[in-house]
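Both counts, for ligands and for their atoms, begin at 1 and track the order of listing. As the structure is a prediction and not an experimental result, all values here were calculated from the model.
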Amino acid sequence: MRYVASFFILMSLFAPAAVFADPAIGVTSAWISEAPPMLKVHAGYLVIENHADDDVILLSASSNAYERIEFHFSDIIDGMASMKIQESITIPAGTRFEFSPGGYHLMLINNHNPLRAGDHVSVSLEFNRKITIDINMTVRKPGNYQQQQQHHHHKH
Ligand SMILES: [Cu+2]
């Protein structure tokens with residue numbers, strides 16, 4: 001235990017920003033749904049894979065392009081669509097977690113500049129154990145993206 005503690009003290013001395021990529025966590029399919037210019041709240045989606053033997057917890061997300069980012073879950077309550085804020089997202093060991101339309105999403109609030117399909121937004125994901133992963137999210141038209149995703153699931 002003492003050994004582990006001194007390891008983390010050393011890490012914090014030599015890596016002051018405590019930012020390092022963790023090969024145990026993979027992020028794929030990161031995109032933001034293009035919205036009309038007057039709409040300043042955008043939905044973002046991604047898949048997080050946890051290859052580690054421990055659970056990881058996504059604690060927060062931030063971007064220079066937005067005022068702030070929340071984690072939301074879309075649900076239907078009494079026939080009304082609603083969004084619930086999630087304080088954090090736990091990804092159990094050896095599983096993948098999907099933010100996808102109709103379920104969990106990043107709620108990206110108040111973009112500083114207009115964003116259109118084809119633009120890229122860099123987002124920092126902060127996990128427990130001081131893991132930060134910087135990702136690049138692509139702005140896409142929602143219809144196009146869904147067509148691509150459903151390519152293999154066509155019913156004739
Ligand atoms: Cu939302």
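- We find the CG-CD distance between L106 and Q86 to be 12.0 Å, quoted to the nearest 0.5 Å.
- Among protein atoms, those of element N, O or S found less than 2.8 Å away from the Cu ion (ligand 1) are H72 ND1, M83 SD, H105 NE2, M107 SD.
- Residues P101 and Y45 meet the side-chain proximity criterion, which asks for heavy atoms closer than 4.5 Å.
- Of the inter-residue distances, the one linking E126 atom CD with S88 atom OG reads 13.0 Å to the nearest 0.5 angstrom.
- Contact check for L58 versus F71: side-chain heavy atoms found under the 4.5 Å cut-off.
- Counting heavy atoms from C-beta outward, F99 and I89 have side chains that approach closer than 4.5 Å.
- Between the side chains of T90 and D55, no donor N or O sits under 3.5 Å from an acceptor N or O.
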